[in-house]
Amino acid sequence: MKAIKGPAIFLAQFADDVAPFNSLPAICQWVSSLGYKAIQIPTWDKRLFDLELAGESKTYCDEIKGIAAEHGLAISELSTHLQGQLVAVNPAYDAMFDNFAPPEFRNNPKQRQIWATEQMRLAAQASGYLGLKSHATFSGAYLWHTVYPWPQRPQGLVEQGFEALAERWLPILNQFDQAGVDVCYELHPGEDLHDGLTFERFLEATNNHPRANILYDPSHFVLQQLDYLAFIDIYHERIKAFHVKDAEFNPSGKCGVYGGYADWTDRAGRFRSLGDGQIDFKQIFSKLTQYGFDGWAVLEWECCIKNPVDGATEGAKFIADHLINPTEKAFDDFAGGEPDIELNNRILGL
């Protein structure tokens, strides 16, 4: 069996204008001091990474790898969560997502989408330059406003929505294929790809594109009340990236899955720091190891209660303690022996 690598950390939630969070060398030094072995880099934050330059310059990508290596770190994946979101946006969400794009593309959905698609091309190229095998992103959404509809969805709406989504993503998937990199969609409420069934619809619409894969994050499944362990059994062949993020679901007489528009601390479903939620990570690490997942276990810190520095500090040890060194032999090998056909025939009565 192969081994999961880790611990790694997603830098998006920690980037800041205050040192050591305001430059790649400084934040690398910080995460290395906590015990992390790799970083997942958000490509929209120029304090840490210049995607336009990376997509056109292998020299720059080598410099980025060098900065990480100076601090004993690898790069697990690049992330285009914000740009991927803008590949497909229903007009109902134009105003809410406009801030994800540079000012010159706001209030212009067509140009914003063109920009987002070009960002994905650059990310494919940069991932190839960096020697990465996986890439983290969101799918965007045309259908999310109909997720629990009243009145009922018109016939054929869902099929058309996934056909349109696939049309946007197929050229991007092909670009990643040329770079030898898997596109790993974080299945997330708000995206058209948010659970197993929607991922299957997307696969069908893309003719089972080999680069259409999954970023497995169990926290989003807890909030949807989906069986996050059975999910691994079903989709392990498509799981190519892993966010280690905890969550809890505590429904009340007032609040359930949909959250009642409450703030995070008052919702039934809440993201928590590692070890503070309800997720059975021992079983998750066991199943992923069983199925041969050898990617990075990446902390994504999002907690409505704990301080982020404390969450990051505790998270490194939490992940390290859950990594499994796979066995190279069966526990009962001592009781076995070399194949003996004559003996086997006698045992079988043949």
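This is a predicted model, so every value here is computed, not measured.
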Is the side chain of [X] donor-acceptor paired with the backbone N or O of [Y] at a distance under 3.5 Å, no angle test?
{"X": "Gln40", "Y": "Ile9", "answer": "no"}
{"X": "Asp246", "Y": "Gly275", "answer": "yes"}
{"X": "Thr137", "Y": "Tyr185", "answer": "no"}

So which pairs with a foot in [range] pass side-chain hydrogen bond (donor to acceptor under 3.5 Å, both in side chains), sequence neighbours left out?
{"range": "residues 274-288", "result": "Asp233-Lys287, Asn250-Gln278, Asp276-Lys306"}
{"range": "residues 169-180", "result": "Asn174-His209, Asp177-Arg211"}
{"range": "residues 4-26", "result": "Gln13-Glu300, Gln13-Glu302, Asp17-Arg47"}

For [X], all residues meeting side-chain contact (heavy atoms from CB on, under 4.5 Å), sequence neighbours excluded:
{"X": "Ala54", "result": "Phe49, Tyr60, Cys61, Ala126"}
{"X": "Leu197", "result": "Asp195, Glu200"}
{"X": "Glu118", "result": "Arg121, Leu122"}
{"X": "Val309", "result": "Phe21, Trp30, Asn307, Thr313"}

To the nearest 0.5 Å, what is the distance between CG on Asn213 and NZ on Lys133?
13.5 Å
Any idea how His322 and Phe281 line up, ring-wise: parallel (<30°), tilted (30 to 60°), or perpendicular (>60°)?
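It falls in the perpendicular class, over 60°.
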Can a side-chain donor-acceptor contact be found between His220 and Glu186 if the only test is distance below 3.5 angstrom?
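Short answer, yes.
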Residue pair Gln113 / Thr117, side-chain donor-acceptor N/O under 3.5 Å
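Yes, side-chain donor-acceptor contact under 3.5 Å.
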For residues 145-167, dump all side-chain donor-acceptor pairs below 3.5 Å to protein atoms at least two apart in sequence or in another chain.
residue : atom : partner : partner atom : Å
His145  : ND1  : Tyr142  : O            : 3.4
Thr146  : OG1  : Leu143  : O            : 2.7
Arg153  : NH1  : Thr146  : O            : 2.6

Looking at Phe199, Trp144, Phe138, which one forms a ring-ring contact (aromatic ring centres under 6.0 Å, His included) with His188?
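In the set Phe199, Trp144, Phe138, the residue that makes a ring-ring contact (aromatic ring centres under 6.0 Å, His included) with His188 is Phe138.
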Could you list the donor-acceptor pairs under 3.5 angstrom formed between side-chain atoms of residues 256-268 and any protein atom two or more places apart in sequence or on another chain?
residue : atom : partner : partner atom : Å
Arg267  : NE   : Ala262  : O            : 2.9

Just distance, no hydrogens or angles: give the donor-acceptor pairs under 3.5 Å from side chains in residues 97-104, sequence neighbours left out.
residue : atom : partner : partner atom : Å
Asp98   : OD1  : Arg112  : NH1          : 2.8
Asp98   : OD2  : Asn107  : N            : 2.7

For a quick test of reading the model, state the closest non-hydrogen atom pair linking His135 to Met120 and the distance between them.
NE2-CE, 4.1 Å
Ser273 meets the side chain to side chain donor-acceptor pair (under 3.5 Å) criterion, sequence neighbours left out, with Trp301
Using a 4.5 Å cut-off between side-chain heavy atoms of Ile, Leu, Val, Met, Phe, Trp and Tyr, which other residues end up in the same hydrophobic cluster as Leu348?
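Leu350, listed by chain and number.
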